[in-house]
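The structure appears right after this line, and notes come after that.
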Amino acid sequence: MQGQHLTQFLISEQRRVGGTGELTLLLTDIAGACKGIGHEVNRGALAGNLDSIGSHENIQGEVQKKLDVLSDEIFVNSLSWTGHLAGMASEEHDEIIPIPEGYPRGKYLICFDPLDGSSNIEVNLSIGTIFSVLLAPNDNPTAEDFLQPGTQQVAAGFCIYGPTTILILTTGNGVNGFTLDRNVGEFILTHPNITIPEDTSEFAINMSNHRFWEAPMRRYVDECVAGKSGGREKDFNMRWLASMVAEVYRVLMRGGLFTYPMDEKLKTKGGRLRLLYEANPMSFIVEQAGGMASTGRERILDIQPVSVHQRVPVILGSKNEVARLVAYHLEG
Ligand code: AFP
């Protein structure tokens, strides 16, 4: 019911499925961590949060921003002691993060990107936190225990730090959005039962990579650019925000197709976006909202991961446009 606090919503969901309350408490703690990250994002230059950290690169080969590290610390410190997790995997850590000795361990694993879109920090554009919750097979997990297909996710979500801070969440029963009311420090249900329109005339891709794309992707994008003059039934609009959370949020709000496809430069890496803490959670959310998510050749949620920081090509959004692009890939 619109206007509910996040905790009320989670408890009613827990009662609906007869849950123990552990997932409710974990998601409440995740929301608390996102509030903390959002606070540091909003403080920006006032807290010296816009700086890069020298030339230090993370496992992704990207120069870390101070906010990347701070967001990661907030997430890890907010969740380590709660007793709901057996382990964590973060974009910012080469290895999985064990729960410190002395803290109780729980039945879940979490994979997260503490601050996605960080190339936008210094230009004040929307960025966000992405998370994926899995069941832990034991309470002393190894990296292999995180390598579960996206269909195994128990919950997934993201928090977008934009003009408003909004938490998007699915536990497998649809997608709901909660806006942070800063006056009371609560996430309030403002976007119940989000559904993605099946059709769209808006696509999002980094066009500067055009010459590196595979033929099916060039064919699709060239047709969108040509619009009605090129055989499509309508003209198209383009967006590119360099922030996956912002792109996916727009797709959830009004439809669209977002893609970071395979290209010649990325062949050896497998793609740009990371499977466990970007593609899988976003694909779970998009499918739960009635959309589609594919690499172009297979459903993202069906992929059997082979490494924690594995990358994949991503095409997601309005299902009729994604289906067309997938068909082009299958035609070759
Ligand atoms: P950063 O977190 O390094 O900014 O990467 C963001 C991202 O993973 C995803 O959120 C964007 O869609 C994509 O990369 C942007 O990539 P380009 O910078 O190549 O456009």
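Note that the coordinates shown come from a computational prediction; the quantities given were computed from them, not determined experimentally. First listed ligand is number 1; within each ligand, the first listed atom is number 1. Note that the numbering runs from 1 along the sequence shown for the chain.
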Would you check if the side chain of D235 reaches a backbone N or O of K228 as a donor-acceptor pair within less than 3.5 Å?
yes

With ring pair (Phe, Tyr, Trp, His ring centres under 6.0 Å) as the criterion, how do Y277 and H309 come out once you've worked through the C-alpha distance, each side chain's angles and the decisive distance to 0.1 Å?
CA-CA 8 Å; Y277 39 82; H309 298 291; 5.7 Å; yes

Do me a favour and list the nearest non-hydrogen protein atom to atom 19 (O) of ligand 1 with residue, atom name and distance?
Y260 OH, 2.7 Å

Got a donor-acceptor contact below 3.5 angstrom from the Q153 side chain to the N280 backbone?
yes

Just need the protein heavy atom nearest to atom 9 (C) of ligand 1, so name the residue and atom and give the distance.
M244 N, 3.6 Å

Taking the ring centre of each residue, are F131 and F158 less than 6.0 Å apart?
no

Is there a ring pair (Phe, Tyr, Trp, His ring centres under 6.0 Å) between F258 and W240 once you walk through the steps?
CA-CA 9 Å; F258 162 80; W240 189 249; 5.6 Å; yes

Closest to atom 3 (O) of ligand 1 among E91, M282, K65, R272 (heavy-atom distance):
R272

Report the part of L273 in contact with ligand 1, treating N, CA, C, O as backbone and CB onward as side chain, heavy atoms under 4.0 Å; options are side chain, backbone, both, neither.
side chain

Numbered in order shown, the ligand 1 atoms found under 4.0 Å of a heavy atom of R274 are 8 (O)

For atom 2 (O) of ligand 1, the protein heavy atom that lies nearest, with its residue and separation:
G117 N, 2.9 Å

Under 4.0 Å to a heavy atom of E278 - the qualifying atoms of ligand 1, by number:
8 (O)

In sequence, state the C-alpha distance, the side-chain angles, and the governing distance for Q14 and T24, and then conclude on side chain to side chain donor-acceptor pair (under 3.5 Å).
CA-CA 7 Å; Q14 171 192 321; T24 295; 2.8 Å; yes

I need the atoms of ligand 1 closer than 4.0 Å to a non-hydrogen atom of A242, numbered in the order shown.
11 (C), 15 (C)

Honestly, for S119 the part within reach of ligand 1 (heavy atoms, under 4.0 Å) is both

Hey, does the side chain of E13 reach the backbone of F9 with a donor-acceptor pair shorter than 3.5 angstrom?
no

